[in-house]
**Q** 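Got a structure for you, written out below as structure tokens; questions coming shortly.
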Amino acid sequence: MIRTRRAAAAGPVRTRKRGRRSPLASVALVAVGLLLTGGAYTLFTASSGASAAIDLNSAQAISQGKKLFQANCATCHGLALQGTVAGPSLIGVGAAAVDFQVGTGRMPLAQDAPQAQDKPPVFDDTQTKELAAYVASVAPGPGLPSSKYLQLSGNATRGAELFRINCAMCHNVAGAGGALTEGKYAPNLNGVTPAHIYEAMLTGPQNMPVFNDANISPQDKADIITALKATQQNANVGGFDLGSLGPVAEGLFLWIFGLGAIVAFTVWLTAKAN
Amino acid sequence: MTTTSEPLAYDRTEPADARRSSGGLTGWASNYLDERTGISYVVREFGRKIFPDHWSFMLGEVALYSFVIILLSGTFLTFFFQASMAEVVYNGSYVPLKGLDMSAAMQSTLNISFEVRGGLLMRQVHHWAALLFVASIGLHMVRIFFTGAFRKPRELNWLIGFVLFVLAMGEGFTGYSLPDDLLSGNGLRIIAGMVEGIPFVGSWLEWFIFGGQFPGTSIVGRLYTLHILLLPAAVLALIGLHLVFVVVHKHTQFAGPGRTNDNVIGYPILPVYAAKAGGFFFIVFGVVMLMATFFAINPIWTYGPYDPSPVSAGTQPDWYIGFADGALRLVPHGWEFVLFNTTYSLNVLVPVVGLGAFLGAVAVYPFLESWVTGDKREHHVSDRPRNMPTRTGIGAAGLTVYAVLWAAAGSDLIATHFKFSIEGVITTLQFALVVGPFIAYFVAKRVCLALQKKDREVALHGFESGRIVRLPGGEYIEVHEQVDDFERWRLVSFNDYEPLMIRPNAAGRIPPQERVRAVLSRWFFEDRIEPVTRTDVELSSHH
């Protein structure tokens, strides 16, 4: 009886809905959605291509960058990049460091945490590059990576090996991240852009060591990036990867869901039929 | 308690030829078999065994079924796995590893995952079932412990079960190490380090086990022999023995009307219990299959082949070895000293000895308890945990130790995921390891005593019905409803113990061990709630 009443109540709602939306509407919606995402994607890729085209040596970019820097960064890093008690000197850190720190949202530094964390970036891509241009103009330092190393066309096998040897002890083999001392940590590398991975290696942010070009050549870096992206793509060959956290996650999952489900079954099987 | 019409008492005998005359091909076949093997005797004896029904009584079955799943999937894996550390170049279909040098073991595991049809599923079934195997044994042991089902005559079966638990961990660890990937290699490296830490013989022992310097070229082959031959044979034999003992001793049951120390009430194995159990096997199989289908486990392709130089952050053993890993992580700094050119690694020795002591205590607990309590009677009725507050407290303390060590194995993940500093997590866990068991003991014991008090209250005066009645004189009382006799039985039937009195022996002396025993016994039983006696009940039902 209850069921019929509920069905009756649902009836008009459904007809009203049907009345409002033509059958073609959903198709159109999907088409629009696809177009938008596709368009956004091309726009995005195009814009990052365009930003790479910003000339870091152009006087205009440098002066724009200078303004942005004085407004947003100088409180901590000083007007002449000389550094203050609140932030280190940026002389000679290069465009790569700025692009990494600002592009991943770490700078401007937000709160007093054990380490600067990535967060949604405050500046758009052009502004970031302008800031980089300004800092690089004051003193030379590691520059932005050439796009030929960011194409994911390196040797993944070699890259994975290099990653295991140089990075896995902090970032975990699957790039899932790991703990360091005093509340610091090596972050999860999933979803970090190729350029930022390259710049991280080149500049060694905070507790990460610097892997300069003598240490890990640009081609090696390209290999590592290729490998990281390849592992991330292949991460779920075996099903959901439970955060790539290894046996701890697997064990917890087994106890909570596996054994949990089975215990629920035993309770059900032995429940007395009333 | 059993209201279904099916359960039967334990001595149902059928005339032997009633079955024989039931005709047909099956009749002929069973007759043929019976006349040559006498199997009907076994079927009759075994089939008439009664199994009481309680969900926790099925945990051992879960272990049994996961072992069957492990055997089936493991057999499949042996068809393709090569237990060799010979170096080969990977040329399979997983691109990020193509062209890399690795051992044949790793290569064949990758091939099972990517080349063999159904191979990846079987690997995952095998691994998930292995995790489930050890987990269900653990939970089964916890049940046995807290209900006192290890008491006479079942002490030996507890010991067998304990050995099975250790063997299961051994099976798990050897299996985990076989693929020769980076993660398992790190695990072996830790074991090698622990072996090296043994004073005087450590280094020799390491060479003996690994056939040379770690990692050597023979360890995978050796582990394989253990993993597929020696350990499974031992596990199988002990499971057989374990089950024979279960049949001989009959199953324990919880107190209930008509359930005494001399009977077992429940379903006969044939047909009800067997049907239920058969169905349950498929449920367990189904759960394992679902996990294996949807959730990756041990993705060795992300870990890459073993190579002694890299070590990954977040390297952990499978959960059941976690407590050992955790113990190593909790050792404070600087527990290592050099004496006469020999390094003594207390940082390794203390955890190893400590864990040995912990496991040893688990193994001998039944004997200890019966010595302390002086209880040499047979017990077939399970204790409700609350009725043995001290034992329950001890169990809670033991579980706390285990849980803290286990958590320590994941200390780095706790730190990163809850944004703590790793030092803070470690210090907290060290503290918890020392203080936690005491807290757990006292809390559990107090809770048990409180529950017992409540039971006593309910048995004597019924429970509060929530109905408030105003008496003619203006007084308000709450009506108490009496529990029915079935429920009361459950509440009042348990053994009562009193602390042992020490008495001089024949020579008129009190030996020191008896003194110790008396102290322990007092500790065991001094806090107790008198069980309700018949007179109590009768008295209380008169007002």
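In what follows, every chain begins at residue 1, and chains take the letters A, B, ... in the order their sequences are listed.
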**Q** Could you walk me through whether B:V287 and A:F265 pass the side-chain contact (heavy atoms from CB on, under 4.5 Å) check?
**A** CA-CA 10 Å; B:V287 170; A:F265 274 116; 4.0 Å; yes
**Q** Name the member of B:Y320, B:Y303, B:F114 that forms the most heavy-atom pairs with chain A at distances under 4.5 Å.
**A** B:Y303
**Q** Are A:F253 and B:F295 an aromatic pair by the rule of ring centers under 6.0 Å?
**A** yes
**Q** Under a 4.5 Å cut-off applied to non-hydrogen side-chain atoms, are A:T266 and B:H54 in contact?
**A** no
**Q** Counting heavy-atom pairs closer than 4.5 Å to chain B, which one of A:N166, A:L252, A:T181 comes out on top?
**A** A:T181
**Q** Side chain, backbone, both or neither: which part of B:L183 has a heavy atom under 4.5 Å from chain A?
**A** side chain
**Q** Just so I know, are the side chains of A:V248 and B:W319 near enough to count as touching, which here means a heavy-atom distance under 4.5 Å?
**A** no
**Q** Side chain of A:E250, backbone of B:D318: donor and acceptor closer than 3.5 Å?
**A** no
**Q** Please identify, among B:G410, B:A415, B:A135, the residue contributing the most non-hydrogen atom pairs under 4.5 Å to chain A.
**A** B:A135
**Q** Do B:L290 and A:F257 have side chains that approach each other closer than 4.5 Å (heavy atoms only, starting at C-beta)?
**A** no
**Q** Non-hydrogen atoms of chain B under 4.5 Å away: do they reach the side chain of A:L180, the backbone, both or neither?
**A** backbone
**Q** For B:Y90, is it the side chain, the backbone, both, or neither that has a heavy atom closer than 4.5 Å to a heavy atom of chain A?
**A** neither
**Q** Locate the shortest heavy-atom distance separating A:G258 from B:M291; write the atom from each residue and the value.
**A** CA-SD, 3.8 Å
**Q** Is there a side-chain contact between A:T231 and B:T302, using heavy atoms and a 4.5 Å cut-off?
**A** yes
**Q** Does any backbone or side-chain atom of B:L413 lie under 4.5 Å from a heavy atom of chain A? Answer side chain, backbone, both or neither.
**A** side chain
**Q** Quick check on B:L120 against chain A: is it the side chain, the backbone, both or neither that has a heavy atom closer than 4.5 Å?
**A** side chain
**Q** Against chain A, label B:T293 side chain, backbone, both or neither, depending on which of its atoms sit under 4.5 Å from a heavy atom there.
**A** backbone
**Q** Taking the side chain as everything from C-beta on, heavy atoms only, tell me whether A:R164 gets closer than 4.5 Å to B:L182.
**A** yes
**Q** Specify which of B:I283, B:V95, B:V284 makes the most heavy-atom pairs with chain A at under 4.5 Å.
**A** B:I283
**Q** When rounded to the nearest 0.5 angstrom, what is the spacing between NZ in B:K98 and CG in A:N155?
**A** 12.0 Å
**Q** Under 4.5 Å heavy-atom distance to chain A, tell me which part of B:Q124 shows up: side chain, backbone, both or neither.
**A** side chain
**Q** Taking atom NE2 of B:H417 and atom CG of A:L245, what is their separation to the nearest 0.5 Å?
**A** 4.5 Å
**Q** Measuring from atom CD of A:E161 to atom CG of B:D307, what distance do you get when rounded to the nearest 0.5 angstrom?
**A** 7.0 Å
**Q** Heavy-atom pairs under 4.5 Å with chain B are the metric here; pick the option from A:V263, A:I262, A:N188 that has the most.
**A** A:I262
**Q** Within the distance-only criterion (no hydrogens, no angle test), does the side chain of A:N172 pair as donor or acceptor with the backbone N or O of B:S312 below 3.5 angstrom?
**A** no
**Q** Do you know which of B:F280, B:F420, B:Y176 has the most heavy-atom pairs under 4.5 Å to chain A?
**A** B:F280
**Q** With only heavy atoms counted, which part of B:L59 is less than 4.5 Å from chain A, the side chain, the backbone, both or neither?
**A** side chain
**Q** Between B:P96 and A:A230, what is the shortest heavy-atom contact and its length?
**A** CG-CB, 3.9 Å
**Q** So for B:L131, is it side chain, backbone, both, or neither that comes closer than 4.5 Å to the heavy atoms of chain A?
**A** both
**Q** Hey, which of A:C167, A:A179, A:P187, A:G251 has the most heavy atom pairs under 4.5 Å with chain B?
**A** A:A179
**Q** Hey, what do you get for OG (B:S421) to OH (A:Y185), rounding to the nearest 0.5 Å?
**A** 13.5 Å
**Q** Non-hydrogen atoms of chain B under 4.5 Å away: do they reach the side chain of A:L269, the backbone, both or neither?
**A** both
**Q** In terms of heavy-atom proximity below 4.5 Å to chain A, should B:I297 be classed as side chain, backbone, both, or neither?
**A** both
**Q** Name the region of A:A160, side chain, backbone, both or neither, that has any atom closer than 4.5 Å to a heavy atom of chain B.
**A** side chain
